[in-house]
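Worksheet: the structure to be examined is printed underneath.
Remember, predicted model here, so these are calculated numbers, not experimental data. Note on naming: letters A, B, ... go to the chains in the order of the sequence lines (proteins, then strands), and numbering restarts at 1 for each one.
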Protein chains: 2
Amino acid sequence: MRLVIARCSVTYEGRLNAHLPPATRLLMVKADGAVLVHSDGGSYKPLNWMSPPATLHTTAPTAEQAEQGVVEVWRVQAAKSDDRLMILIEEILADQSHELGADPGLVKDGVEADLQRLLAEQIGLLGDGHTLVRREYMTAIGPVDILARDPEGGTVAVELKRRGDIDGVEQLTRYLELMNRDPLLAPVRGVFAAQQIKPQARTLAEDRGIRCVTLDYDAMRGVDDAESRLF
Amino acid sequence: MRLVIARCSVTYEGRLNAHLPPATRLLMVKADGAVLVHSDGGSYKPLNWMSPPATLHTTAPTAEQAEQGVVEVWRVQAAKSDDRLMILIEEILADQSHELGADPGLVKDGVEADLQRLLAEQIGLLGDGHTLVRREYMTAIGPVDILARDPEGGTVAVELKRRGDIDGVEQLTRYLELMNRDPLLAPVRGVFAAQQIKPQARTLAEDRGIRCVTLDYDAMRGVDDAESRLF
DNA sequence: ATGTCAATGTCGTGC
DNA sequence: GCACGACGTTGACAT
């Protein structure tokens, strides 16, 4: 990894065009050719960047560029598209390289898959007497997150989200339409389950007769831990 | 901005839990407290991070941590949530700071807003005789990108996307349902306009009687430039 | 390779 | 401040 602090201007041409006027920034060049242009603020997104795989070509400035104070020109070309980044460097304030090696990578806990596993184990959260049929129940248009039965034996399709948005309601609606055409399954009721449900999503869901259930991940994980300790 | 190359392990606790085993990485600390943990590959997303505003507290390791080779402990606490990042440093290979100053920021061209402006100016692309009513026509459930009239005086609602996906068709469908309940507007026809339209989206749209129009941004910008040169 | 869906999404904008 | 939609979304996973 090469780290350069430089006064520079940056131009991106690809899916759109974007330009950065001259300022002092961090230029990060990764081993796979990725280039990131960072300022000293903001979240993790760079001001401008090139995704890997890419190649960096360093050239001398043209006479005209040199006249305007440019001392070095970087051209970064994406390998798989015609996206390109041009960096006009006016002054290099620091330049160092380090060998980092491969990274073992990130281990996550608490994503939608974990929520799905916990809800399948604690299916009673949908209401007393519910039983699990299966997770990832396949339909022609994709998998329903959880299929269950209510105490009366009716089929219940659960769409699960960490954050419940209109998109999720639309997705569940499509599943319900399809499944309710199948006489072996119909009638199928829908449940929209999420850690948080946006008001607009709740309104749309209830308009369509879809029940909304808010899930408490920490509580569910607590139950899971308690159950684990029994064994 | 402070740049540290260090062998370290990282733990994030917040909206989910995530952990990075020990390895050599870049730690970037920005002026607003943001912390980024980057490996030497992958796109612009860090392996782990803390969004600003945040504060970094550096402490000595506990006896137990020191025994496992930790020489320094960083605790990064988000200011507005209880998200936190803990970085256990085993060895610092480089450590430098630079003053970058504020950044003038990025100038973009070619986003959906530009496409919308161009289509409004070149509304005939929807078909001969079309006229613009207005952009961002507000409805109860959100703004319709472009409202127009066809040569027969019928109302046309345009949903505009750079990439035409099923989501966009659903969005337009919601608008059309609502507007067609309004006797002053009905009947309203729908047009799904995008630079690229996915086959699934096209199928769904045409199923619902929504016309699909593919837009050529470069050509539209060319016309725009040509018109500009007239004045 | 391609398509689909989640994301610690982030980022801007309008209310 | 909240809510909503775009994003050069990126990234993981299944087909």
Atom-pair distance ([atom1] on [X]; [atom2] on [N]), nearest Å:
X	N	atom1	atom2	value
N17(B)	dA7(C)	CG	C1'	15 Å
R202(A)	dA3(D)	CZ	C1'	16 Å
D145(B)	dT13(C)	CG	P	15 Å
Q195(B)	dT9(D)	CD	P	10 Å
K30(B)	dT10(C)	NZ	P	13 Å
L16(B)	dG11(D)	CG	P	16 Å
Y137(A)	dA14(D)	OH	P	20 Å
N48(A)	dT10(D)	CG	P	12 Å

Next item on the list: Measure the shortest side-chain to side-chain distance between V188(B) and V156(B) over non-hydrogen atoms and say whether it is less than 4.5 angstrom.
Entry: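 They are not in side-chain contact.
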Note to self: Side chains of T173(B) and R208(B), heavy atoms from C-beta outward: is any pair under 4.5 Å?
What the structure shows: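 T173(B) vs R208(B): side chains touch.
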Taking only the side-chain nitrogens and oxygens of [X], find out if one of them lies under 4.0 Å from OP1 or OP2 of [N].
X	N	value
Q200(A)	dC4(D)	yes
S51(B)	dT8(C)	no
W49(B)	dG9(C)	no
R162(B)	dA6(D)	no
R84(B)	dT8(C)	no
K45(B)	dT8(C)	yes
K161(A)	dA6(C)	yes

Of all the nucleotides listed ([options]), which has the minimum atom distance to the side chain of [X]?
X	options	answer
D83(B)	dT8(C), dG8(D), dA6(D)	dT8(C)
R163(B)	dG8(D), dG9(C), dT9(D)	dT9(D)
S43(B)	dG8(D), dG11(D), dC4(D)	dG11(D)

Margin query: Looking only at the side chains, is there a donor atom on one of H19(A) and K108(B) sitting less than 3.5 Å from an acceptor on the other?
Written below: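 No donor-acceptor contact under 3.5 Å links the two side chains.
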Notebook entry, point to check: When we call it a touch if two heavy atoms are under 4.0 Å apart, what does S81(A) touch: a base, just sugar-phosphate, or nothing?
Noted result: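 Since no nucleic acid heavy atom lies under 4.0 Å of S81(A), the category is nothing.
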Margin query: Please classify the nucleic acid contact of L106(A) as base, sugar-phosphate, or nothing, using heavy-atom distances under 4.0 Å.
Written below: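 Base contact.
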Next item on the list: Please say whether more than 12 non-hydrogen atoms of neighbouring residues, nucleotides or ligands are located less than 6.0 Å from CZ in R163(B).
Entry: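 Incorrect, the count does not exceed 12.
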Checklist line | Enclosure of Q196(B) CD (heavy-atom neighbours >12, cutoff 6.0 Å) | finding: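 Atom CD in Q196(B) is not packed in, count stays at 12 or less.
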Notebook entry, point to check: Taking the nucleotide of DNA chain D with the closest heavy atom to each, which residue, I166(A) or L85(A), is nearer the 5' end?
Noted result: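 That would be I166(A).
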Next item on the list: Could you pick out which residue, A201(A) or E112(B), lies toward the 5' side of DNA chain D when each is mapped onto its nearest nucleotide?
Entry: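 Comparing both residues, the 5'-ward one is A201(A).
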Check: Which residue, G142(A) or G14(B), contacts DNA chain C at a nucleotide closer to its 5' end, judged by nearest heavy atom?
Finding: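 Nearest-nucleotide comparison on DNA chain C picks G142(A).
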Check: For Y44(A) and dT10(C), are the ring centres under 5.5 Å apart with planes inclined under 30°?
Finding: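 No, the aromatic ring of Y44(A) does not stack with the base.
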Suppose you measure atom [atom1] in [N] against the same atom in [M]; what distance do you get, rounded to whole Å?
N	M	atom1	result
dT8(C)	dT4(C)	P	22 Å
dC5(C)	dG9(C)	C1'	13 Å
dC11(C)	dG11(D)	P	15 Å

Notebook entry, point to check: Taking D182(B) for the side chain and M179(B) for the main chain, is one N or O donor matched with an acceptor at less than 3.5 Å?
Noted result: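 It does not hold such a pair.
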Next item on the list: Determine, stepwise, if the pair E13(B) / R84(B) fulfils salt bridge (Lys or Arg N to Asp or Glu O under 4.0 Å).
Entry: CA-CA 5 Å; E13(B) 291 176 16; R84(B) 57 195 174 281; 2.8 Å; yes
Item checked: Partner nucleotide, any strand, of dT8(C) [Watson-Crick/G-U, under 3.5 Å] ->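 The answer is none; no pair meets the criterion.
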